[in-house]
Amino acid sequence: MQAAPPEDSCRDEELLACVIRGLIGDARHVAVGNASPIPAAAALLARAEGQGRPYVSLLQSRKHNFFTDGGRELFDCAGRGRVDVFFLSGAQIDGQGNINLVAIGDPARPQVRFPGSFGSAFLYYVVPKVILFRTEHSRRTLVAKVDFISAPGTSAPNVYRPGGPVALITNRCVFLFDKDKGRFRLASVHPGHSAAEIAEHTGFAYDAPETVGVTPKPSVQSLRLLRGAVAGELAEVYPQFTAQVFGRRHGSAS
Amino acid sequence: MQAAPPEDSCRDEELLACVIRGLIGDARHVAVGNASPIPAAAALLARAEGQGRPYVSLLQSRKHNFFTDGGRELFDCAGRGRVDVFFLSGAQIDGQGNINLVAIGDPARPQVRFPGSFGSAFLYYVVPKVILFRTEHSRRTLVAKVDFISAPGTSAPNVYRPGGPVALITNRCVFLFDKDKGRFRLASVHPGHSAAEIAEHTGFAYDAPETVGVTPKPSVQSLRLLRGAVAGELAEVYPQFTAQVFGRRHGSAS
Amino acid sequence: MPRIAPSIEDALAAVTDGCVLAVAREVSGVAMAATCALVRRETRNLHLIALPTSSMQADLLIGAGCVTALETSAVSLGEFGPAPRFAAAVIAGALRMRDATCPALHAAFQAGERGEPFAPLRGLIGSDILKYRIDWKVIDNPFAADDPIVLVPAIRPDVALFHAPMADRAGNVWIGRQRELATMAHAAEKTVVTVERIHPGDLLADPVLAAGTLPGFYIDAIALAERGAWPLPLPDHYPADQEHLAEYARLAATPDGFARYLERYVHASRAA
Amino acid sequence: MPRIAPSIEDALAAVTDGCVLAVAREVSGVAMAATCALVRRETRNLHLIALPTSSMQADLLIGAGCVTALETSAVSLGEFGPAPRFAAAVIAGALRMRDATCPALHAAFQAGERGEPFAPLRGLIGSDILKYRIDWKVIDNPFAADDPIVLVPAIRPDVALFHAPMADRAGNVWIGRQRELATMAHAAEKTVVTVERIHPGDLLADPVLAAGTLPGFYIDAIALAERGAWPLPLPDHYPADQEHLAEYARLAATPDGFARYLERYVHASRAA
């Protein structure tokens, strides 16, 4: 267990959580799937800053999860337009925003098999703001074309699609997704990273401004909330992550 | 409150309940809709005789009703093939087994408006044994052609229809329904009634044997159960009916 | 977060003239006190949808001139006979009727809950219900040969209104076995609930209570209304007021009698 | 009426070789003790359907050679990584895979519950999931112009199997908020349940308990299995056994290790 860093510096996880919190913006309901501690921290931060708004559903949590209609309720909510923000990842993500959660190679006899698509092939279509999150930023994960489309980044104009990707966050940078072009645009590189490095480690083509900005560091206020109230809530679902990043344990005084 | 008649005679309601109990035969689940005390008595009699089988769902009852998934559960059960016997009635019933629960005249500007079709336009199709029950046997109720088909007696061969009518019980007689012909056949007349009387008071054409039998009277054993255990259970849902027919009140000792 | 409104009238702000209002069947919890408030407020042009049937609530709203269109599987006063104001309005051509059948309404609300455009339903083919429901479609089941099946479009009412045993301060509402109330709220844009009492704790904190709880997430306004289903029953809490219902049936049989009923029991209760 | 079976093995009689078996997701109550009994019994050729995902249960059954076909939205050991026996079987071509997405499975079970042949589902169009699911159809939504939509066929498994906190002697099972367990049982031909304990009273008699109860009408066999979800969690009752799951993940990474796991924890428990 490490002590949290001082307020004038921040950990990578904290930076990413604050970037995501900014992308969440004003929302009524943010849902977070399994094994997503950084998006969960961002959603709880949004609620701490919004004084109770948005509703946050952490699917692994009993406490931060109001569902009482079984496993379908998240999807019913989303289909009915009641999930504003969701997070997805991909074993592969390509430049058109397609995500692959299934396999490398022929899916009938793959070289590698991943767990599966979960709810992505529905949620990616109906949740207005889907934030893609993949910390490993490499040519292995960010590819020209995914081997299997669990869910596509864009759809033909006649396909019902109120939702889709708005951004892709990695450990190196922030891409925003241009829905009309069906392409990513480099929005900022995280402190200590460079545009050239992004180009080197990204397997897909993307747009970029001539000079790319640096991802802004979290405000002191956000960091305080993150390390205080948010870490306390997060520890219920992600005890190891919370202890490691925030030096906090579930049930410890704030 | 009247005393129950002696065991060698029986009331009309008892006769009808025992006729219906015979039609129920062996079933796993008999469901009974609202305002149907005689079918309810028949279903409870079947259970008393079957020592716990069939399950009986009285939709107005809390006790005799296992549903916990809301108002849709009866229909889900029926659609999934889990309701073996149901009862329907009609403001009008015609010779093809069509029932009308909606209106007399043009339904947009009717002369008479009835409550509506309830679940009939589904249950009549999917419940294998639907027993039609209409005590008033007259040319007003049993007509050549209903003014509005809430649910038809038969369907074209390509229409999914595992269910449909098997019989029509009135205060005068028992008709059985011939599914292939789409017609009723007079099966028996109740004691004190005659085939000529049936012809006089029935507005639709039907088949009849040359000599028609008399509806058999309930056995002493059935009457005992009906007036004993069944009346006791029935009183929860139909206190007035039970008091009137069986001389029993809810909660009175058996 | 939904608010506990200071009054029933206040909670009913969402029920505007001309809105599509979904209401519950008699055994699920009918918001009768709120219904009387809608009559007093002279609400107009409601498109009423009963899931899947109604009794005195629809009859009262129709008799009081609040309803322009009605979708239901039936309106009946049960053992007190037909619903007289409903029948009179239909006969007079004063009501745009959409006759349905119970499972069609359940299926349509479930489609609304899921955000899907329609739901399939067996039965119906060859009925006059289907004949008059030009908004329903028949397709060939693509999973079988020569197998026609009805599709009913989703229902997404503007407001769902019902009465329940209790709510907590976070707006969670305990509905128990009446699962169609959850479906109704999920399908509706807004949900207004009256309750017998406020539960002091958090209904979602106890797994046993949570199993019967509709989360406050779906609720827009709650008002306290003790015996708020009266004279209809609130299952497991109080039975129907048989005498009062008999009186209603008797009075509502004529326009004059219905006017006297309103005067005596609906308008008078404003002062009470 | 369902019977309280004398043993888990006895309750599992309905799970025959080659049957279509539906199982629950990890947070709903996974019948792990029963799963081990199926492995010990050398059950073969199961067509396993997870509603909508599975973790160690599917991995164990696949590794033990019980499964021929699998329909699921995912199999994963969560924070303990990928499901190794599942991945190995897919890579070896030893499993007929039907990749789905969670709401498609929920919708298909709901269609099964309702006895309808299919359910519509948004999304999916343009995905490779749809491309490989030749049993799914795309139609034009008849309620709109130029609006393709996917229909998924109903799922009606032969047997549904899950673990729950309690049952009563009439076979009613308390499932609480895990409503998809009711849907699963409604859709299935038969349902087998293991429970932590027998509730002494009638679960349907108390309205608060009844709200979370699946009626015995749907249940074919019940067996007592204390800590029957172990090493997976039973929500609100006990957490996952993290150490054991870590050990499983470690051992199951190789065929030899998996065989040692079976020997140590599955076959050994027969004697215990």
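Residue numbers start from 1 in every chain, and the chains themselves are labelled A, B, ... in the order their sequence lines are given, proteins ahead of strands. Model, not experiment: these values are computed from the prediction.
Heavy-atom distances place no part of B/Glu73 under 4.5 Å from chain C, backbone and side chain included. Contacts of B/Phe114 with chain C are made by backbone atoms alone, with heavy-atom separations under 4.5 Å and no side-chain atom involved. For C/Ala145, no part sits under 4.5 Å from any heavy atom of chain B, backbone or side chain. The parts of B/Thr68 that come within reach of chain C are both its backbone and its side chain, each placing non-hydrogen atoms under 4.5 angstrom from that chain. Neither the backbone nor the side chain of B/Val146 comes within contact range of chain C; no heavy atom of the residue lies under 4.5 Å from a heavy atom of that chain. With a 4.5 angstrom heavy-atom cutoff, C/Phe109 does not touch chain B via any of its atoms. Heavy atoms of C/Ala92 lying under 4.5 Å from chain B belong exclusively to its backbone. For a residue to count as touching a neighbouring chain, one of its non-hydrogen atoms must lie under 4.5 Å from one of that chain's; by this rule C/Gln110 touches chain B with the side chain only. Looking at B/Arg161, neither its backbone nor its side chain comes within 4.5 Å of chain C, counting heavy atoms on both sides. With a 4.5 angstrom heavy-atom cutoff, C/Arg122 touches chain B via backbone and side-chain atoms both. Heavy atoms closer than 4.5 Å to chain B are found in both the backbone and the side chain of C/Val90.
Of all the listed residues (B/Pro107, B/Ala108, B/Ala151), the one sharing the greatest number of non-hydrogen pairs under 4.5 Å with chain C is B/Pro107. Taking chain C as the reference chain and counting heavy-atom pairs below 4.5 Å, the highest number among B/Asn158, B/Leu123, B/Val126 is found for B/Asn158. When the candidates C/Leu181, C/Leu77, C/Val75 are compared by the number of heavy-atom contacts under 4.5 Å with chain B, C/Val75 comes out ahead. The residue among C/Thr183, C/Asp99, C/Leu51, C/Ile175 with the most heavy atom pairs within less than 4.5 Å of chain B is C/Asp99. Counting heavy-atom pairs under 4.5 Å between each of B/Val159, B/Asp69, B/Val112 and chain C puts B/Asp69 at the top. Ranked by heavy-atom pairs under 4.5 Å with chain B, the list C/Asp147, C/Asp236, C/Ile149, C/Val150 is led by C/Asp236. Contact count against chain B (heavy-atom pairs under 4.5 Å) is highest for C/Arg179 among C/Gln178, C/Arg96, C/Arg179.
In summary, the aromatic rings of C/Tyr248 and C/Phe80 are positioned with their centroids too far apart to meet the 6.0 Å limit. Separation of the B/Phe86 and B/Phe122 ring centroids does not fall under the 6.0 Å cut-off. Ring centroids of B/Phe66 and B/Tyr55 are separated by less than 6.0 Å, placing the two rings close together.
With rounding to the nearest 0.5 angstrom, the OG1 atom of B/Thr242 is 10.0 Å from the CD atom of B/Glu236.
Between B/Glu14 and B/Arg227 there is a salt bridge, since a side-chain N of the basic residue sits under 4.0 Å from a carboxylate O of the acidic one. Between B/Arg183 and B/Asp178, no side-chain nitrogen of the basic residue sits less than 4.0 Å from a carboxylate oxygen of the acidic one, so the salt-bridge criterion is not met.
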Problem - side-chain hydrogen bond (donor to acceptor under 3.5 Å, both in side chains) assessment of B/His64 paired with B/Arg47 - result: CA-CA 11 Å; B/His64 298 287; B/Arg47 188 167 67 182; 2.9 Å; yes
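Of all heavy-atom pairs spanning C/Ala249 and C/Pro84, the tightest one is O-CG, 4.4 Å.
Two residues are said to be in side-chain contact when any heavy atoms from C-beta on lie closer than 4.5 Å; C/Glu71 and C/Ile155 meet this criterion.
Side-chain N/O atoms of C/His163 and C/Thr194 include a donor and acceptor closer than 3.5 Å.
Ring orientation note: the planes of B/Phe177 and B/Phe184 are nearly perpendicular, at an angle over 60° on the 30°/60° scale.
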